[in-house]
J.: 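Sharing a structure below in structure tokens format, with a few things to ask.
Throughout, protein chains are lettered first and strands after them, A, B, ... in sequence-line order, and every chain is numbered starting at 1.
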Amino acid sequence: MREIFDAEWKMKMIIAESAKDVLQMVSEISDKLIPGAIVAFDFETEKVEGDDDDSVNPLADSLFSVSFACNEETVYTFRLQKDGQWMYPEMVVQEVVSLFKKLFNRGVTKVLHNMKFDLKLVYRITGMLPQVDDMSWDDTMIMSYLVDENRTAKLKSAAGRYLTIDANKYESMLNDAGKISKINDIDWFITAQYNCADSWMTRRLRDVLWGRLIEQGLDSLYKNLYKGLLIALMEAEIKGFRVNAEYLREQLKKLEDGLNSKDKFMKDYGEAIFQRKILELKDKWLALKVESDKLNGVEKEDAIKRGQEVENKFLYFESTVRNGFNPRSVKQLKELVQLMDLAKFIEKTTNKGSLSLDREVLDMIVSKDSSGFIQTLIDYRKDEKTRGTIQGLLDRMDKDNLIHSSYLAHGTVTGRLSSRDPNLQNLPSGHLIRDAFIPRDGHDLVVCDFSQIELRIAAYYAQEETMLKIFMEGGDIHSKTALECFDLKVPVEEIKKLFPEQRRKAKIINFGILYGLSDYSLGKTLDCSKKDAGLYIEKYYVTFPGLKKLREDVIKEVLETETVTNMFGRKRRFPGLAAAYYKFGSNEKEIAHQLREAFNALIQSTAVDICNLSITKIRKRFLAEDLLIWLLGQVHDEMVWEPEKKYTEKVVEIVTEIAPNIVEGYVTPIDIKVCRNWGEK
DNA sequence: TTGAAACTCT
DNA sequence: CATGAGAGTTTCAAT
């Protein structure tokens with residue numbers, strides 16, 4: 001056993017050096033797990049040999065070591081595994097395992113930074129997970145996120161910020177010691193201290209952040225939403241979404257065949273044009289060479305320079321042809337579009353100011369191209385995207401055809417979740433891909449989404465009478481908007497049938513308003529003049545005056561407080577906005593952007609809090625009724641559950657009871673469907 | 001490894 | 001002055 005004291009941090013690190021040390025340490029830690037104790041712990045992991053996945057994977061990585069901060073001063077640490085194998089005799093391993101099992105005592109508060117990650121490791125060791133109603137786990141990453149959504153919630157950043165220490169001290173030590181990428185090759189006493197520092201910071205952060213949560217009125221959101229949500233999400237990640245791999249491989253094959261022929265067509269076409277141009281450029285280059293021989297001084301230098309430019313160009317074209325024209329290369333495409341004489345029709349530029357060749361532009365120039373190249377490119381891009389998505393799903397599927405996406409609860413400024421590896425929140429709508437997502441044998445998918453939740457939230461905050469009435473009576477909001485904005489002289493019930501085009505446009509206006517759409521952009525999307533678009537927006541606000549007032553109120557509020565707070569207490573902060581707004585000559589574009597963001601944040605954050613609160617509440621009810629039903633996925637205002645068939649009706653009943661009634665006194669209706677695959681929804 | 005550009009979703 | 005909010009992934013090209 002070795003002890004190291006960090007006088008600056010007042011941190012005593014106790015490091016085990018042998019199996020005997022581990023036994024003693026486990027017993028000491030065990031003794032401290034008494035009711036009322038607050039203990040932070042943290043794992044270090046490493047990739048196992050032969051795992052080609054480059055991301056950190058708590059379901060597969062080797063457990064290098066763990067540290068326990070049992071109070072604010074004392075931290076213990078010991079090694080666990082090497083290359084995925086335990087480093088100790090079976091008896092010692094059993095003691096370690098039972099220590100982790102003792103953590104499930106609800107009288108002891110456990111603190112983790114990114115709790116889903118470490119709890120998955122605990123799950124691998126013990127086979128145990130906390131229940132969704134277990135309040136004895138704290139996540140300092142989420143606390144830090146709630147306290148300041150604008151700054152990174154990473155442990156070292158948060159610790160540096162809230163503990164006012166040099167939080168990277170031990171990481172620097174690790175880097176100095178190593179310059180080796182593998183944690184296993186570094187002296188254990190160095191990594192041990194690094195590991196200790198992490199749980200020490202986590203333990204210290206917990207108290208500081210808890211104070212901040214209380215100060216800012218965020219404690220209820222943290223306790224009632226996040227504690228349960230994180231566990232429900234962790235269950236979804238562990239469980240995984242089953243996919244029909246054979247079906248996906250079939251679709252992949254079909255796409256690849258189509259892509260190959262499109263690729264060949266475009267290659268041949270592109271290369272022919274480049275070849276022709278190369279000859280032209282060579283002639284030009286020769287001419288310039290002859291010319292430059294006749295000249296002197298500055299003129300000669302200029303001609304040589306131009307000659308070199310021409311030479312570079314045809315050398316580039318030659319290498320392009322040699323390596324094969326690649327329709328995925330934006331650079332090559334731009335050259336080609338210029339040679340095809342289509343560039344003159346393109347006004348749109350990319351963010352950096354170069355020629356844009358996105359779908360919108362291609363749609364515009366496709367009619368000017370008789371060769372079929374542009375149309376082929378449009379189709380190619382679409383299919384290539386789908387192919388990539390399918391390939392990504394197949395690559396990430398485990399041996400049981402399960403896809404374990406992870407959900408980040410701290411990834412967005414509005415409180416939305418994000419999904420990654422793979423992202424299940426941006427799968428193309430429609431059947432092709434979503435049909436591949438299926439329930440396990442003997443199970444159903446229950447898919448539930450909130451209908452028009454953002455508009456309903458806006459109406460609620462605004463107490464917009466006309467809008468509330470339409471929602472309450474089950475009327476069609478888009479029809480009403482169409483009627484008023486386009487002066488349609490028919491009863492509102494007939495709009496859907498008689499003026500579907502106007503209704504479609506009204507839908508764009510309805511959603512656009514929530515995002516702060518300008519007359520300029522609305523004109524572009526509706527393909528009408530800016531002036532007409534402005535009139536529509538005006539009429540919209542006459543029809544729904546409450547919404548106009550709400551927008552003004554939110555802007556007024558954010559300019560005073562630099563903060564938007566939703567009905568659950570969630571905050572979206574805009575530091576510096578007030579000062580910037582009242583300062584002469586500041587960036588108006590940026591201010592306008594932040595004001596749009598502020599209004600949208602109120603609506604978006606409320607919508608997602610309702611959805612996530614319903615997930616937590618529903619999952620807790622399943623627990624209370626002893627139904628072993630886990631969440632499978634969440635897509636902002638949609639949730640997917642996977643019950644055994646015998647529980648399907650019960651799930652529909654409970655979801656239908658809970659989800660629409662999260663806000664007291666205001667119903668947020670849902671659509672719910674039992675599906676054989678995700679595409680059926 | 002990073003940034004730009006393209007495309008996907010709610 | 002620019003002009004709709006929030007995300008993640010893939011590919012190419014440059015560093």
J.: Atom CZ of A:Arg387 and atom C1' of B:dC7: how far apart are they, to the nearest Å?
T.: 14 Å
J.: In whole angstroms, how far is the C1' atom of B:dA4 from the CG atom of A:Leu333?
T.: 15 Å
J.: Whole Å only: how far is the NZ atom of A:Lys681 from the P atom of B:dT10?
T.: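 In whole Å, B:dT10 P and A:Lys681 NZ are 11 Å from each other.
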J.: A:Trp678 has an atom CH2; how far is it from atom C1' of B:dC9, in whole Å?
T.: 10 Å
J.: I'd like to know if A:Glu642 and A:Lys239 make a salt bridge, using a cut-off of under 4.0 Å between side-chain N and carboxylate O.
T.: yes
J.: Between which nucleotides of DNA chain C, read 5' to 3', does contact with chain A run, using atoms under 4.0 Å from its heavy atoms?
T.: C:dA2 to C:dA14
J.: For A:Lys267, I'd like to know if atom NZ has over 12 heavy atoms of other residues, nucleotides or ligands within 6.0 Å.
T.: yes
J.: Any base atoms under 4.0 Å from A:Ser429, or only sugar-phosphate, or nothing? Heavy atoms, all strands.
T.: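 If one applies the 4.0 Å heavy-atom cut-off, A:Ser429 turns out to touch the sugar-phosphate alone, with no base involved.
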J.: Do A:Lys262 and A:Asp379 meet the salt-bridge criterion of a basic N to acidic O distance under 4.0 Å?
T.: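 Between A:Lys262 and A:Asp379 there is no salt bridge, as every charged N stays at least 4.0 Å from the carboxylate O atoms.
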J.: Of the nucleotides B:dA5, B:dA6, B:dC9, which has the atom closest to the A:Asn426 side chain?
T.: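 Nearest listed nucleotide: B:dC9.
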J.: Has A:Arg242 got a side-chain atom pairing as donor or acceptor with A:Leu402's backbone, closer than 3.5 angstrom?
T.: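 Here the side-chain-to-backbone pair does not exist.
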J.: Tell me what A:Gln604 touches on the nucleic acid: a base, only sugar-phosphate, or nothing, going by heavy atoms under 4.0 Å.
T.: base
J.: Measure from CZ on A:Arg434 to C1' on B:dT8 and round the result to the nearest Å.
T.: 10 Å
J.: If you look at every strand shown and take non-hydrogen atoms under 4.0 Å, does A:Lys331 touch a base, only sugar-phosphate, or nothing?
T.: sugar-phosphate
J.: Under 3.5 Å, is there a donor-acceptor pair linking the side chains of A:Asn510 and A:Thr481?
T.: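 A:Thr481 and A:Asn510 do have a side-chain donor-acceptor pair below 3.5 Å.
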J.: For A:Asp449, answer base if it contacts any base atom (sugar-phosphate contacts may also be present), sugar-phosphate if it contacts only those atoms, and nothing otherwise; contact means non-hydrogen atoms under 4.0 Å.
T.: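 Answer is nothing: A:Asp449 stays at 4.0 Å or more from every strand.
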J.: Mind checking if A:Asn587 touches a base, just sugar-phosphate, or nothing, with heavy atoms under 4.0 Å?
T.: nothing
J.: C:dT3 and B:dA5: how far apart are their P atoms, nearest whole angstrom?
T.: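 Roughly 14 Å separates the two P atoms.
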J.: If you look at every strand shown and take non-hydrogen atoms under 4.0 Å, does A:Ile513 touch a base, only sugar-phosphate, or nothing?
T.: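 No contact.
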J.: Send over the distance from A:Gln425 CD to B:dT10 P, rounded to a whole Å.
T.: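 Interatomic distance, CD of A:Gln425 to P of B:dT10: 10 Å.
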J.: Can you check the A:Leu432 CG to B:dT8 P distance for me, whole Å?
T.: 13 Å
J.: Taking any heavy-atom pair under 4.0 Å as a contact, classify A:Arg596: base, sugar-phosphate, or nothing.
T.: sugar-phosphate
J.: Indicate, with a heavy-atom threshold strictly under 4.0 Å, whether A:Asn326 touches base, sugar-phosphate, or nothing.
T.: sugar-phosphate
J.: In whole angstrom, what separates A:Ile378's CD1 from B:dC7's C1'?
T.: 14 Å
J.: Looking across every strand, which nucleic acid part, if any, lies under 4.0 Å from A:Val413 by heavy atom: base, sugar-phosphate, or nothing?
T.: sugar-phosphate
J.: Run the side chain to side chain donor-acceptor pair (under 3.5 Å) test against A:Lys531 and tell me which residues pass, sequence neighbours left out.
T.: none
J.: Give one of base, sugar-phosphate or nothing for A:Lys382, where a contact means two heavy atoms less than 4.0 Å apart.
T.: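 Contact class for A:Lys382: sugar-phosphate only.
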J.: Side chain to side chain contact (heavy atoms under 4.5 Å, CB included) with A:Glu237: which of A:Ser405, A:Pro58, A:Ser406?
T.: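 Answer after filtering A:Ser405, A:Pro58, A:Ser406: A:Ser406.
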J.: Apply side chain to side chain donor-acceptor pair (under 3.5 Å) to A:Lys589 and list each qualifying residue two or more places apart in sequence or on a separate chain.
T.: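 Checked A:Lys589 against side chain to side chain donor-acceptor pair (under 3.5 Å); zero matches.
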